Amino acid sequence: MCGIVGYVGHRQAQDVVIEGLRRLEYRGYDSAGIALVADGALATQKRAGKLANLEKAIADHPLPASDIGIGHTRWATHGAPNDVNAHPHTGGSRRVALVHNGIIENFAELRARIEADDHVMLSETDTEVAAQLLELQVESGIDLATAMLRVVRQLEGAFTLVAVDADDPTRVVAARRNSPLVVGIGEGENFLGSDVAAFIEHTREAMELDQDQVVTITPEGVSVLNFDGTPAEGRRYHVDWDLSAAEKDGHDWFMRKEIHEQPRAVADSLLGRRTAEGHLHLDEMRLSDQELRDVDKIIIIAAGTSFYAGMVAKYAIEHWCRIPVEVELSSEFRYRDPILDYSTLVVAISQSGETADTLQAIRHARTQRSKVLAICNTNGSTIPRESDAVIYTHAGPEIGVASTKGFLTQLVACYLLALYLAQVKGTRYGDEIDQVMAQLEEMPAHIQRVLDDAPAIYEMAREHVDTRSVLFLGRHAGYPVALEGALKLKELAYIHAEGFAAGELKHGPIALVEAGLPVLCVVPPAGRDQLRDKMVSGIQEVRARGARTICLVEDGDDAITPYADRIVRLPRVPVLLQPLVAVVPLQLFACELATEMGHDVDQPRNLAKSVTVE
Ligand code: F6R
């Protein structure tokens with residue numbers, strides 16, 4: 001939540017900062033602002049609303065040339081999203097400007113202390129407290145990095161702070177605790193960003209920082225200190241994607257581009273997972289075979305769409321490995337006093353690797369001696385860094401706020417984890433694992449086939465612009481797909497949508513069904529237990545009550561035809577893998593319906609991509 005940029009070097013800082021904010025805008029778009037240092041003074045501009053408002057304000061009142069600056073795009077926590085509360089905030093004498101991501105929990109007490117000393121606060125934010133404190137420190141005659149160290153020791157909560165001092169145009173200083181910040185390493189210039197997208201246009205060399213560190217960038221170099229003042233080293237790494245991955249590539253929305261990238265993303269996510277002998281091999285597993293054999297329970301924790309990937313993982317792991325699996329929302333996990341010990345494996349699924357609820361949950365698990373394995377898309381992010389093992393999903397940057405390729409590649413990582421555990425624990429024969437891997441390797445082609453039918457889905461979506469409510473039904477692995485279809489519709493089209501386990505319908509929700517209500521039904525493949533037949537009964541029941549049924553059915557299954565108002569064909573795949581194809585029409589449906597309704601698909605209202613506050 002909130003995007004932060006810092007720059008010092010030889011370019012026009014305004015251009016670097018605004019371009020960086022554009023690439024980070026998915027992290028929050030309640031307001032945007034910039035501060036430059038020029039001729040020994042701060043030049044700032046900030047506006048409520050999207051970045052375009054800030055750009056207009058700068059066009060009307062140009063900022064001076066400068067080669068050092070900071071910027072911010074906000075997802076509001078403390079204080080309404082207006083001009084005054086927009087970042088950057090400055091101290092009372094406008095010497096220091098500061099931007100912030102996170103929440104300073106003891107801000108009320110600090111604010112009272114500052115106001116008691118006759119300093120006037122202009123905004124309702126917690127951030128201004130940090131700006132005031134920092135300015136008071138530099139005015140006492142110390143440098144910005146030392147001042148930052150003194151300030152962070154007074155703060156409680158989670159924060160990334162980035163600041164400039166009008167009296168020192170050579171450096172940008174930042175601090176991080178439980179909130180993301182990466183350094184971009186250039187030649188004669190250096191960058192700071194909430195993630196690498198902020199500077200990918202200029203450099204692919206990056207440095208990750210640990211918790212509780214202060215970093216200073218100058219044109220010549222980067223230096224890192226721990227909060228106790230001891231020197232530290234950041235870990236350098238090369239970013240394995242480039243600017244083109246952060247562009248829309250001719251699509252109207254990042255989300256649509258990312259939906260269409262899914263065949264490639266799934267293929268990348270499967271790449272290099274087998275040794276020459278055909279054994280499964282996971283790069284950053286870091287847990288020994290013995291440690292995995294000792295696992296007698298798995299708890300999967302995640303939020304939102306990632307939680308639904310976890311629900312699918314439960315079916316796969318229990319079926320292939322015979323290990324009991326619980327799936328829990330990370331925001332609930334540590335408050336119920338979960339039973340954890342060294343033989344519990346906690347699997348944290350997070351596209352961003354920064355979700356605060358999930359991060360706190362894994363920290364709790366580790367204090368209870370459980371091992372934590374992260375499934376994550378973002379290299380260098382906090383959750384994989386604090387985990388014992390990682391499976392990176394390799395989806396490439398996901399910029400649309402609604403997760404799509406992030407979800408599909410999480411599913412792939414979950415299947416890989418399940419098969420790996422089956423291999424280590426010996427619960428499946430090698431040839432069975434090979435067979436599933438071969439089926440997974442066919443999935444990119446199957447997903448492409450679903451995408452080739454996009455025009456028909458788009459047409460169906462356009463027919464639903466006046467719809468105010470939609471239900472989604474699924475069973476078994478199709479149940480999380482129904483939940484995900486409903487979530488996509490809620491967050492993009494802002495209409496009432498609910499996903500149900502089809503068997504639960506009769507226990508209450510069927511009362512919602514009335515004439516003309518669209519009900520999207522994810523029909524399980526034929527041949528697995530009586531899942532498909534039970535689903536057909538459920539479809540008949542809602543149709544008998546006037547619902548319009550839109551059925552996602554595998555090729556060749558005609559039993560549904562008499563009960564379906566519309567049929568969407570899916571490739572024939574095994575039931576456990578069906579989510580990989582079944583969710584795609586639901587993504588296309590939500591994307592097109594929201595577009596037709598005139599909504600901003602990439603930046604839905606009230607949301608942010610990376611939820612770094614609890
Ligand atoms: C919905 C969506 C969110 C995220 C959730 C978790 O489209 O994107 O529900 O899935 O906020 O985020 P991560 O996976 O980054 O932890």
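Numbering of ligands and ligand atoms starts at 1, following listing order. Everything numeric here is computed off the predicted structure, so don't read it as measured data.
Remark: ligand 1 atoms within the under-4.0 Å shell around heavy atoms of A402 are 7 (O). Every atom of ligand 1 with a heavy atom of V401 under 4.0 Å away is listed here by number and element: 8 (O). Proximity to S350 (heavy-atom distance under 4.0 Å) selects the following atoms of ligand 1: 13 (P), 14 (O), 15 (O), 16 (O).
Among A302, A303, S381, S330, the residue whose heavy atom lies closest to atom 6 (C) of ligand 1 is A303. In this structure, of L607, N377, T305, the residue bringing a heavy atom nearest to atom 9 (O) of ligand 1 is T305. Of the options I375, I301, T355, the smallest heavy-atom separation from atom 13 (P) of ligand 1 is shown by T355.
Residue contacts with ligand 1 do not include I383, since none of its heavy atoms lies under 4.0 Å from the ligand. Proximity of K488 to ligand 1 is established by a heavy-atom distance of less than 4.0 Å.
Ring planes of H251 and H260: parallel class, angle under 30° (limits at 30 and 60°). Aromatic ring pairs are classed by plane angle as parallel below 30°, tilted from 30° to 60° and perpendicular above 60°; the pair H87 and H72 is parallel.
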Decide side chain to side chain contact (heavy atoms under 4.5 Å, CB included) for I457 and E592; before the verdict, give the C-alpha distance in whole Å, the side-chain angles of both, and the deciding distance to 0.1 Å. CA-CA 8 Å; I457 310 281; E592 184 63 12; over 6 Å; no

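Taking CG of L373 as the reference point, atom CG of L282 lies at 8.5 Å (rounded to 0.5 Å).
Within the cation-pi definition used here (under 6.0 Å to the ring centroid, within 45° of the axis), R23 does not qualify as a partner of F191.
By the criterion of a heavy-atom distance under 4.0 Å, neither the backbone nor the side chain of T358 is placed next to ligand 1. With a 4.0 Å heavy-atom cut-off, ligand 1 is reached by the side chain of E491 but not by its N, CA, C or O.
The residues E386 and R366 are annotated as not salt-bridged, no charged nitrogen and carboxylate oxygen being separated by less than 4.0 angstrom.
Here the heavy atom of the protein found nearest to atom 15 (O) of ligand 1 is S352 OG, 2.6 Å. Given atom 11 (O) of ligand 1, the protein heavy atom at minimum distance is V611 CG2, 4.2 Å.
Between the side chain of W75 and the main chain of N606, a donor-acceptor pair closer than 3.5 Å is present. Side-chain atoms of Q587 do not come within 3.5 Å of backbone N or O of K488 as any donor-acceptor pair.
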